[in-house]
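Take a look at the structure below.
Every chain is numbered from 1 and lettered A, B, ... according to where its sequence line falls, protein lines coming before strand lines.
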Amino acid sequence: MVDNVLRVIWLVSLTFASLSILCMFALLLRRKWMSRREVTEARRRKELSDRVLAWLASDAATPPQFDDSEKERLVDLVFELFQILRGDDEARLQELLRRIDIADSELAQLDRGNAQRRAKAARRLARLNDPRIIDALRKTVAMDPDSDPRLAAAQGLVRHGAADDLVTIIRDLRFGANEKSRLVSAMMQRLGPDSMPRLLAVLRADVPDFAKAAALHTLGRIGAYDAMSEIIEFLQSPSIDLRAQAVNSLAELGHPEARGAVEQALHDPAWQVRTVAAKAAGRIGILSAAPRLIELLDEREWWTRYQAADALYHLGGEARAALVDESLKPSRRGRVAQMLLLEKAS
Amino acid sequence: MLYSVAFWIAVVVISSSLLQNAFYVLQLVLAFVALRRKPPEPKVSLLWSEMSEVALPIAVLVPAYNESATIVENIRSLLALHYPNFEIIVINDGSRDDTVARAIAAFGLEPVHRSFEQAVPHAAIRGLYGSPRYPNLLLIDKENGGKSDALNAGINLSRAPLICAVDADSMLEADALLRVGQPFVEDPARMIAVGGTIRIVNGCTVHAGRVVEAGLPRQFLPLIQTIEYLRAFLMARLAWSQMKTLTNISGAFGVFRREAVVAVGGYSHGTVGEDMELIIKLHRYMIEQKREYAMRFIPEPVCWTEAPSTWSVLARQRIRWQRGALKTFAKHRIMCLNPRYGRIGILGFGYILIADVIGPLFEVLGYFLMPFFFGIGAVSMDFLLAFIALTFVFGVFISVGSLVLEELELHRFPGFGPLLVLTAVAIFENFGYRQINNFWRVVGYWRFLRGTQGWGVMTRTGFRKA
């Protein structure tokens, strides 16, 4: 028994000792090799970067010549520069990419790379012009087994102005019931000012609530006044998030015709909706909401009380005078009014 | 009879050590798998372009107590963070030095008022200060109440949906908020807490509140702690995050959903392990409320902090950590191995039980009992040597494994020399330092049982400037 225990202990010890020694040597050798490679790579990248930046700073229309061996490094550099350059410089970089012709290799990666590489290829293809790209991105959104390449491809379609069927794209993204990636919201916001019909289609479709909330948000952001009646319909939604987002969009639109809907939302059973409604009332300037806002100074949730007080302050005139009156009373209403007035004064 | 008892005691001590080491090996494997699966960290410019419109606002809470020497530089460095929407809330926790005066003078702050709700308890606020020149900076001057109390004040005054707790003596990398905010953008409904890596700034070159060149500490103790931190963050935190059983996010740098923190009553008073306690409270609350939630550790956002460089300060820190872990364990013991709390109850608390509650005691017991049993002839030389070999070999393996993770993931130490030094440290820390560390933990155990309160004094030596 004792011998067996001892044997096991020694065996385990020897195994881990050997593994440790092996790892240490491998680590040191790798670092030795990597250090040299990193220095060389940094130097080459610097040289390349200097050449590209010098060309951008010059008037030369034709980009400099690059070796095939520099291609991958150059592509990486150009896509990094895309994140910070705009206007003419961006257009010249596009031209540079067109000349080195990377569409074939990126399309191949989109098809056969691992998930990370497929997502990277989708992001790159979003910047390239080639008739095959739209179909390839659509196929990725519809068929790719991983969410990152799907989302990157969807964003690529938006960039190419090829996200006509937004409902299908959102369905193809296959977000789970509990996933609410805000990146979908960012994607919708990039659709542009003429996206109202597509966003309305999302509101009418059978898609997850978070996608509808993102569409509502975007409708507000792009100033889609013609969509107001559809937005107002969402005040009847059973989802608190959707009702709150609908009121938020009305506040973004700031149209006086939203008055009735916002006043109705001030009586919503959910405090989250009442809070955004109070904010909307102040923003749109709904003077008739003042009595209800005074009532909301007594709310259980501090954030609702604060937004109601803030709205009264912004409404000005009689509403602000009423807020000042409340601040003189030794009550919960009085305390929130006092604090807000002090905050505004400072 | 005596020999038989001695043999079985030895078996129990060795089994406990084996179990603890088995957990470590499991962590190493899981951390390795997590790193292999993880996509490469996106460039800051890409993150910014993807997140700038949808990033959730963050309130960075910086509790400060007697930080007069570094407060101005630290605030400047925090104000320069790359994030679309954030506010810095510095909370002076009743400092006895001129921390407040220096901050007021440097940033032209003036008294302001801000409405807030007393959502979580804290000591009285003496004044609030702000400036139109720095609209995203707020200074809270309050009565002394400890770190938890200061953070609670910051939580009450913050209006962002996310709060980020940062130590005043730590430095965030410029892109840290962008990276740590990413999981909240990807999964905003479930994500309630995200932690990043803490690394040791001793030996690094610092300019304008930023680490411009990573380097190894020149002193022995901070050098050893470099390996310890790699083990704690790149191995343990990453592995637990992979298993969805994260039981701690460092108090030096963590981002939380404000609503969730308020729901659990904020940071607890009267504890020295407020960071771990908050995470356990969040798990407990979410599970008891049957709410879906997620917590994550991501290795790339880095916060640099100064490590103790003297034995006395390090001892106080380790004793405090042990007391904190035990206090949290005792307070939430109902969760331990309780299937109602799922993975956290079984795996998370199982690990705390073995690594923090039983582990140090048994290991120190082993140091004394094994030679004693050998002395009385109860265990053979073969057995004693086998025990020593097992203990040290496992320790070396885990440390070297952590170094491999660092090399694969972060790769922050440039050149061949630092890696060679760290490899040597990974071996030698097991001979002496590890035993002393376990001794401190036993002292922490003793003080916990005696109900000792307080943090003890942390002495800072400051950063090496460029």
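When all heavy atoms of A/Arg182 and B/Phe184 are compared, the closest pair comes out as CD-O, 4.1 Å. In plain terms, the two heavy atoms of A/Lys32 and B/Phe416 that are nearest each other are CD-CD1, 3.8 Å. Residues A/Leu28 and B/Thr423 approach most closely at CD2-OG1, 4.0 Å, considering heavy atoms. Scanning both residues, A/Ile9 and B/Ala386, for their nearest heavy atoms gives CG2-O, 3.4 Å. Nearest heavy atom pair, residue B/Glu50 against residue A/Ala186, reads O-CB, 4.1 Å.
Separation of atoms CG (A/Leu341) and NE2 (B/His113) is listed at 11.0 Å; rounding is to 0.5 Å. One finds the CZ atom of A/Arg7 at 11.5 Å from the CG atom of B/Asp382 (value rounded to the nearest 0.5 Å). Rounding to the nearest 0.5 angstrom, the gap separating the CG atom in A/Leu151 from the CD atom in B/Glu186 is 9.0 Å.
Within 6.0 Å of atom CZ in A/Arg37, 12 or fewer heavy atoms from other residues, nucleotides or ligands are found, so the atom counts as exposed in its surroundings. At most 12 heavy atoms of other shown residues, nucleotides or ligands fall within 6.0 angstrom of atom CD in B/Glu259. More than 12 heavy-atom neighbours from other residues, nucleotides or ligands sit within 6.0 angstrom of CZ on B/Phe23. When the shell of 6.0 Å around CZ of A/Arg86 is examined, it contains more than 12 heavy atoms from other residues, nucleotides or ligands.
Salt bridge annotation for A/Glu343-B/Arg159: present, with a cationic side-chain nitrogen under 4.0 angstrom from a carboxylate oxygen.
In this view, A/Val78 and A/Leu74, A/Phe82, A/Leu93, A/Leu96, A/Leu97 satisfy the side-chain contact (heavy atoms from CB on, under 4.5 Å) rule, not counting sequence neighbours. Listed by chain and residue number, B/Ser115, B/Phe116 satisfy the side-chain contact (heavy atoms from CB on, under 4.5 Å) test with A/Met339 (two or more places apart in sequence, or in another chain). Considering only residues two or more places apart in sequence or on other chains, B/Tyr134 meets the ring-ring contact (aromatic ring centres under 6.0 Å, His included) condition with B/Phe107.
Heavy atoms closer than 4.5 Å to chain A are found in both the backbone and the side chain of B/Leu385. Residue contact with chain A, scored on non-hydrogen atoms closer than 4.5 Å, is absent for B/Val44. Neither the backbone nor the side chain of A/Arg117 comes within contact range of chain B; no heavy atoms are under 4.5 Å apart. Using a 4.5 Å cut-off between heavy atoms, B/Ile427 contacts chain A through its side chain alone, with no backbone atom that close.
Put simply, the side chain of A/Arg190 reaches to within 4.5 Å of the side chain of B/Glu53, judged on heavy atoms. Taking 4.5 Å as the limit, some side-chain heavy atom of A/Gln189 sits within range of a side-chain heavy atom of B/Val54.
Contacts of residues 10-26 of chain A with chain B at a heavy-atom distance below 4.5 Å involve A/Trp10, A/Val12, A/Ser13, A/Phe16, A/Ala17, A/Leu19, A/Ser20, A/Cys23, A/Met24, listed in sequence order.
When the candidates B/Ile398, B/Val112, B/Leu419, B/Leu420 are compared by the number of heavy-atom contacts under 4.5 Å with chain A, B/Leu419 comes out ahead. Contact count against chain B (heavy-atom pairs under 4.5 Å) is highest for A/Arg123 among A/Arg123, A/Gln338, A/Lys344.
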